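One structure below.
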Amino acid sequence: MPFSTDTADTLIDWFDACGRDLPWRRPDCDAWGVLVSEIMLQQTPVARVEPIWHEWLARWPRPSALAAASQGEVLRAWGKLGYPRRALRLHAAAEAIARDHGDVVPDDVDTLLGLPGIGAYTARAVAAFAYGKRAPVVDTNVRRVVARAVHGAGDAGPPSNTRDLADVEALLPHDDARAARLSAALMELGALVCTARSPKCADCPITADCAWQHAGRPAYNGPAKPVQKFAGTDRQVRGLLLDVLRGTDEPVEKSRLDVVWARAGQRDRCLDSLLVDGLVEQTPDGRFALPGEH
DNA sequence: CAAACGTGGTG
DNA sequence: TCACCAAGTTT
């Protein structure tokens with residue numbers, strides 16, 4: 001059941017009044033700035049992204065500028081944002097945009113989907129937020145808002161790309177500009193009001209139309225969501241290894257890497273996987289460094 | 001489709 | 001303290 005026109009308008013008005021003034025939402029931010037923000041924001045909070053985003057846009061204001069940097073420079077500038085393969089993929093996307101698209105971020109979903117690191121969410125986010133297009137933008141916030149406001153559930157169940165896209169598509173106004181604004185509003189509502197823990201229903205602009213409210217705010221009863229461990233995993237070890245290389249200009253001996261993790265088997269397996277992923281490079285003399293700098 | 005993939009803040 | 005959470009993508 002789609003939102004009424006009034007509900008859509010209410011949400012858009014709420015977004016205009018209460019949405020955050022984030023740098024990638026400003027009129028002077030172009031599609032490249034939006035794309036960089038979307039990649040950085042994947043699984044990463046706004047507060048940690050903002051300072052890095054400013055550094056990147058000042059240093060690499062266009063895709064071709066980033067493409068001209070080495071992978072090592074890019075990984076260093078990525079810092080501790082996490083999931084550093086995103087940085088490599090964004091670098092590769094910048095190369096493709098510079099080479100194949102006249103240094104302009106594509107504006108259609110299918111072309112965007114062909115670029116490295118850009119999936120179902122990011123492609124539509126760029127189309128909607130950078131180009132004002134009507135495209136269902138489905139992230140974890142939107143899935144939660146739809147689960148509650150539309151389906152009356154306590155939270156979203158397991159993701160299903162096809163079903164999630166159809167759900168949100170049905171909510172969008174036909175008009176491109178308003179659809180794009182509503183997409184931003186849905187995300188912002190999930191981020192600020194309809195949050196995972198202790199939602200602020202008293203501040204919600206659409207409680208009157210919320211199926212979850214009408215149902216008496218039942219608890220989530222779907223399958224338990226898997227919890228991600230970190231301590232002791234390969235992800236932690238890879239992070240420690242990479243942190244050593246980020247902190248040095250010169251390639252390092254393996255002994256410098258060996259000290260970060262006691263278990264040799266896991267440590268070596270992780271170093272090998274970093275080499276395979278292209279996040280680490282071995283110099284001819286056998287030392288280790290970030291890629292493309294030596 | 002499930003699992004892998006970083007990091008740090010917070011209730 | 002520690003489990004949960006944060007604008008996902010790839011294999």
Side-chain angles (χ1 to χ4, degrees), chain A residues 15 19-20 22-25 33-53 75 78-90 92-93 112-130 135-145 155-165 168 180 183-192 194-200 220 223-246 260-261 266 269-270 273-274 276-279:
Chain A
F15 179 62
R20 291 165 293 181
L22 300 171
W24 44 84
R25 286 180 178 164
V34 172
L35 173 57
V36 172
S37 79
E38 292 301 340
I39 301 292
M40 289 183 171
L41 287 163
Q42 290 168 3
Q43 302 286 281
T44 308
V46 167
R48 249 193 294 164
V49 164
E50 262 201 85
I52 307 291
W53 182 88
L75 287 170
W78 191 259
K80 307 198 77 169
L81 275 186
Y83 293 136
R85 292 186 295 186
R86 289 183 294 167
L88 253 30
R89 293 187 182 126
L90 180 52
L112 287 161
L113 283 172
L115 296 170
I118 299 186
Y121 162 78
T122 304
R124 292 172 177 81
V126 169
F129 304 151
V137 177
V138 182
D139 76 332
T140 185
N141 289 307
V142 173
R143 280 171 27 76
R144 185 173 55 249
V145 169
D155 200 352
S160 159
N161 210 306
T162 308
R163 181 163 40 74
D164 295 339
L165 281 175
V168 176
S183 293
L186 286 170
M187 281 184 62
E188 192 74 339
L189 189 72
L192 298 183
C194 195
T195 51
R197 286 179 294 196
S198 52
K200 303 166 181 62
Y220 173 69
K225 314 198 169 182
V227 291
Q228 253 205 132
K229 291 293 178 201
F230 179 64
T233 63
D234 286 2
R235 280 204 324 293
Q236 181 185 20
V237 179
R238 285 164 55 106
L240 292 170
L241 257 16
L242 220 45
D243 202 35
V244 172
L245 300 182
R246 260 188 244 115
V260 305
W261 197 252
Q266 183 180 24
R269 170 160 48 83
C270 287
S273 74
L274 287 170
V276 169
D277 288 348
L279 288 162

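To find a chain, count down the sequence lines: A is the first, B the second, and so on, and within it residues start at 1. What you see is a predicted model, and the numbers here were worked out from it, not measured in a lab. In what follows, every heavy atom counts, from backbone to side chain, and hydrogens, waters and symmetry copies are set aside.
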Would you list the protein and nucleotides 9-11 of chain B atom pairs, both N or O, that sit under 3.5 Å from each other?
none

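Using modelled atom types, no side-chain atom of A/Arg89 and backbone atom of A/Pro116 make a donor-acceptor pair closer than 3.5 Å. A/Thr233 contributes a side-chain N or O that, together with a main-chain N or O of A/Phe230, makes up a donor-acceptor pair within less than 3.5 Å. Under the 3.5 Å distance criterion, the side-chain polar atoms of A/Gln236 are matched with a main-chain donor or acceptor of A/Gly232. Between the side chain of A/Arg20 and the backbone N or O of A/Leu192, no donor-acceptor pair lies under 3.5 Å. The backbone N or O of A/Asn141 sits less than 3.5 Å from a side-chain atom of A/Asp139, completing a donor-acceptor pair. Although no hydrogens or angles enter the test, the distance criterion places a donor-acceptor pair under 3.5 Å between the side chain of A/Asp164 and the main chain of A/Ser160. Listed for the A/Glu38 side chain is no donor-acceptor partner under 3.5 Å among the backbone atoms of A/Ala125. In this structure a side-chain-to-backbone donor-acceptor pair under 3.5 Å is present from A/Thr44 to A/Gln42. Side chain of A/Arg86 to backbone of A/Leu81: a donor-acceptor contact under 3.5 angstrom is found. When atom types are taken as modelled, the side chain of A/Trp53 and the backbone of A/Gly33 share a donor-acceptor pair closer than 3.5 angstrom.
Whole-Å rounding puts the A/Asp139 CG to C/dT9 P distance at 10 Å. Computed from coordinates, the A/Leu81 CG to C/dA6 P distance equals 18 Å when rounded to whole Å. Whole-Å rounding puts the A/Phe129 CZ to C/dG8 C1' distance at 14 Å. Computed from coordinates, the A/Leu165 CG to C/dT9 C1' distance equals 14 Å when rounded to whole Å. Atoms NZ (A/Lys229) and P (B/dG6) sit 18 Å apart, rounded to a whole Å. In this structure, CZ of A/Arg143 is placed 13 Å from P of C/dT9, rounded to the nearest angstrom. The separation between A/Phe230 atom CZ and C/dC4 atom C1' is 15 Å, rounded to whole Å. One can place CH2 of A/Trp78 at 12 Å from P of B/dG6, the figure rounded to the nearest angstrom.
If you take atom P in C/dC4 and the same atom in B/dA3, they sit 16 Å apart, rounded to whole Å. A distance of about 15 Å separates the P atoms of C/dA7 and B/dG11, rounded to the whole Å. Atom C1' of B/dC5 sits at a distance of 15 Å from the matching atom of C/dA6, rounded to the whole Å.
Comparing A/Gly82 and A/Asn161, the nucleotide of DNA chain B nearest to each residue sits closer to the 5' end for A/Asn161. The 5' end of DNA chain B is approached more closely, in terms of each residue's nearest nucleotide, by A/Pro158 than by the other of A/Arg238 and A/Pro158. Toward the 5′ end of DNA chain C lies the nearest nucleotide of A/Ala196, the other residue of the pair A/Ala196 and A/Arg89 mapping further downstream.
Candidate nucleotides C/dA3, C/dA7, B/dG6 were compared by shortest atom distance to the side chain of A/Thr140, and C/dA7 ranks first. Ranking C/dA7, B/dG6, C/dA3 by closeness to the A/Ala191 side chain, first place goes to C/dA7.
Using a 4.0 Å cutoff on non-hydrogen atoms, no part of residues 116-128 of chain A comes near DNA chain B. The stretch residues 35-46 of chain A touches DNA chain B through A/Gln43, A/Thr44, each having a heavy atom within less than 4.0 Å of the strand.
When heavy atoms are screened at a 4.0 angstrom cut-off, A/Pro84 is found touching the sugar-phosphate backbone but no base atom. Among the protein residues, A/Asp277 comes within range of no part of the nucleic acid, since none of its heavy atoms lies under 4.0 Å from any strand. As judged by a 4.0 angstrom heavy-atom cut-off over every strand, A/Leu22 is placed among the base-contacting residues. Residue contacts for A/Arg246: at a heavy-atom cut-off of 4.0 Å it reaches the sugar-phosphate backbone alone, with no base atom in range.
The salt bridge (charged side-chain N to carboxylate O under 4.0 Å, His left out) test with A/Asp155 is passed by exactly one of A/Arg144, A/Lys225, A/Arg143: A/Lys225.
For the atom pair CD (A/Glu188) and SG (A/Cys194), the distance works out to 12.5 Å, reported to the nearest 0.5 Å.
In this structure, A/Lys225 does not reach the C/dC4 phosphate: none of its side-chain N or O atoms is under 4.0 Å from OP1 or OP2. In this model, the phosphate group of C/dT9 is not approached by any side-chain N or O of A/Arg85 to a distance below 4.0 Å at OP1 or OP2.
Shown here for A/Leu113 and A/Ala120, the closest heavy-atom pair between the two residues is CD2-N, 3.8 Å.
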